[in-house]
There are 2 protein chains.
Amino acid sequence: MGIKTIEWSKGAIKLIDQTKLPGTLKYIYIKNIVLLRQAIRMMKTRGAPALGAAAGLGVYLGIKDSKAKNFRQFKEELDKVIKYLAAARPTARNLFWGLERARKVVLKNKGKPIRDLKKIILTEAKEIIEEDMSACRRIGHYGAKLIKKNDTILTICNAGILATIDYGTALGVIYRCKEEGKSNKVYACETRPMLQGARLTTWELSRNGIDVTLICDNMAATLMKQGKIDRVIAGADRIASNGDTANKIGTYNLAVLCNFHKIPFYIAAPVSTFDLKIKSGEEITIEERGSPEMTSLFFKKPIALNNVKVFHPAFDVTPHDLISAIITEKGVIRHNYKKNIRRIIGK
Amino acid sequence: MGIKTIEWSKGAIKLIDQTKLPGTLKYIYIKNIVLLRQAIRMMKTRGAPALGAAAGLGVYLGIKDSKAKNFRQFKEELDKVIKYLAAARPTARNLFWGLERARKVVLKNKGKPIRDLKKIILTEAKEIIEEDMSACRRIGHYGAKLIKKNDTILTICNAGILATIDYGTALGVIYRCKEEGKSNKVYACETRPMLQGARLTTWELSRNGIDVTLICDNMAATLMKQGKIDRVIAGADRIASNGDTANKIGTYNLAVLCNFHKIPFYIAAPVSTFDLKIKSGEEITIEERGSPEMTSLFFKKPIALNNVKVFHPAFDVTPHDLISAIITEKGVIRHNYKKNIRRIIGK
């Protein structure tokens, strides 16, 4: 470990510019919300739980220099900041959850001076960060119970340190297994088009001493057929109240493959990823991104016809019946999801 | 159409350098078998049926300047050339089939002068080319019967003009449908790591007026779930006598997805792709390629850790029970494959 994906430092949001990895570990300091929204859109910072922290810190960044003279003015500015940041990306639940937490804590402290409200927002954001660090370790604790010694695990995208503050959800389970001496092997799907698996997951697993092998997304089926995969663990961007789970495009594909090859398929995510207001995955907005990410590598060397039509959903939805278990910081949730999510997550 | 992927021209093998597409349509003239084997290994020319033609022409290229004084000497040189070219790539059946055809035609004409034998080899190679052109059109004819008007078809890799002489197998079916006015829409899997779908399939379909949309390999499942795919057609590199089919890595993944989503999954390939000497796909050698193709884009910009371990099978095997039909120039083969392959292909 030893790195923090995102934190508050020297009057700015300090974050790892993930578009520079695996080549360079570069930190950037973001001092206004225009640059923050841009950084989120361009995926300089990404990962649902990390976006929850970015949201909390982002609200503080947007409001800390407010000249509002009364609560009404302050609340107006706050709502504007929240609305602005909410438009960064549409799928990850944690972004909206982080923004809502900031809004709620302000409403709760309505009577206090504006100077105090600002401090309260920063404190709340720092609490989101602390909670994430602790939640990821709890997820690791519960998830590791599902993993046997020498199991080989397949994962997609990056649900690790770089998607959270410093430990990871799906990869947190793997880190915990290592701490327990379970010596697991990991296959990482490269995760086209943005290659979070190739760029980020192999990077962070390698530097933490995990035996990782990179595959192209279309090779997972062959590995499973060869009996080389014992379990699949993925993160989540949003989980509906029936357990349907939106995650990085390609996750649903893996779930179908697991179903066919009778391999357990797990989702690992903090409670903040659940959206109990929606009944099923059908209500989840799936972000569609532009063609350059697909037709050229990071907008440079072309790898396809310039003007070719593309279909580019950034996420997909895995129906709950293909999910063997959802690992959260409050415990492992299994079928019947509708009932058990309410029971464990509450509300 | 209007282009030929590979042909004999001006004392050389003239072929399209497919590593330059879609940027540039560049022809290269290959005048010795060292360069030919290199071109095949580097996938400047590729596609199972095209490799059959490359094999036939390659034998002539390797033997045409022979100084052999008698048949024994000539035969020795011939065997050396064949052995040399056979080592280019291990999976595609058609390469070995093309080499064997050259060997057989020489043995059949054993009594003739060496000058004549050379001519006979060239004639045989040209016949392979003619036969491919005709076989692809027959495949198109039979395959088009399986496709309905307005069907949307998903394909992987490139089983088109660029994988054959001038028409294609899987894409030949689509060209035929267009000739029949069926107006089908095509989704092309980009086909990592070498991106034949992104670079070649979208290129040739676009220039032939087919409505094509590019996806990343991991997006196929989502398209199927959304009901947007009516059929999948892929080419083949080798088909065992029970119907098990080796094709570009990712094909088996699509077959599993089709099974789950109840979508017909077709293989389109000429008879030369069948290897009736092997009982099942388990006997097919799967080429494993190096890591640079996965960790950097065409050996240039790095997209993953330099020294990361990779698993890089170039092909996978789809078991026959996941294949709805195999489309050949002799007709459409369905279950029971073991029986029907023998009946239709003969031997």
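Every chain is numbered from 1 and lettered A, B, ... according to where its sequence line falls, protein lines coming before strand lines.
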Can you tell me how far apart [atom1] ([X]) and [atom2] ([Y]) are? Round to the nearest 0.5 Å.
| X | Y | atom1 | atom2 | answer |
| --- | --- | --- | --- | --- |
| A:Tyr252 | B:Thr222 | OH | OG1 | 7.5 Å |
| A:Asn259 | B:Asn259 | CG | CG | 9.5 Å |
| A:Phe260 | B:Leu322 | CZ | CG | 4.5 Å |
| A:Asp217 | B:Asp217 | CG | CG | 7.0 Å |
| B:Thr295 | A:Leu195 | OG1 | CG | 11.0 Å |
| A:Ile215 | B:Phe311 | CD1 | CZ | 8.0 Å |

[X] versus [Y], closest heavy-atom pair with distance:
| X | Y | result |
| --- | --- | --- |
| B:Leu214 | A:Ala304 | CD2-CB, 3.8 Å |
| A:Met219 | B:Ile249 | CG-CG1, 3.4 Å |
| A:Leu305 | B:Ser206 | CD1-OG, 3.5 Å |

Under 4.5 Å from any heavy atom of chain A - which part of B:Asn307: neither
Proximity breakdown for B:Gln226 and chain A, heavy-atom pairs closer than 4.5 Å: side chain
Out of [options], which one racks up the most heavy-atom pairs below 4.5 Å with chain B?
| options | value |
| --- | --- |
| A:His312, A:His261, A:Met294, A:Lys248 | A:Met294 |
| A:Cys216, A:Gly23, A:Pro319 | A:Cys216 |
| A:Leu257, A:Asp316, A:Leu254 | A:Leu257 |

Counting only non-hydrogen atoms closer than 4.5 Å, does [X] touch chain B with its backbone (N, CA, C, O), its side chain (CB onward), both, or neither?
| X | result |
| --- | --- |
| A:Val310 | both |
| A:Leu205 | neither |
| A:Glu282 | neither |
| A:Thr202 | both |

Salt-bridge contact A:Asp211-B:Lys309 (side-chain N to carboxylate O under 4.0 Å): yes
Sub-4.5 Å side-chain heavy-atom contact between A:Arg192 and B:Asn218: yes
Minimum side-chain heavy-atom gap A:Pro193-B:Glu190 below 4.5 Å: no
B:Lys338, NZ: over 12 other non-hydrogen atoms inside 6.0 angstrom: no
Pairs of heavy atoms under 4.5 Å with chain A: top-ranked of B:Cys189, B:Ala220, B:Pro22: B:Pro22
Best-contacting candidate, B:Val317, B:Ile156, B:Ile286, against chain A by heavy atom pairs under 4.5 angstrom: B:Val317
Evaluation steps, side-chain contact (heavy atoms from CB on, under 4.5 Å), between B:Val256 and A:Met224: CA-CA 11 Å; B:Val256 172; A:Met224 290 186 188; over 6 Å; no
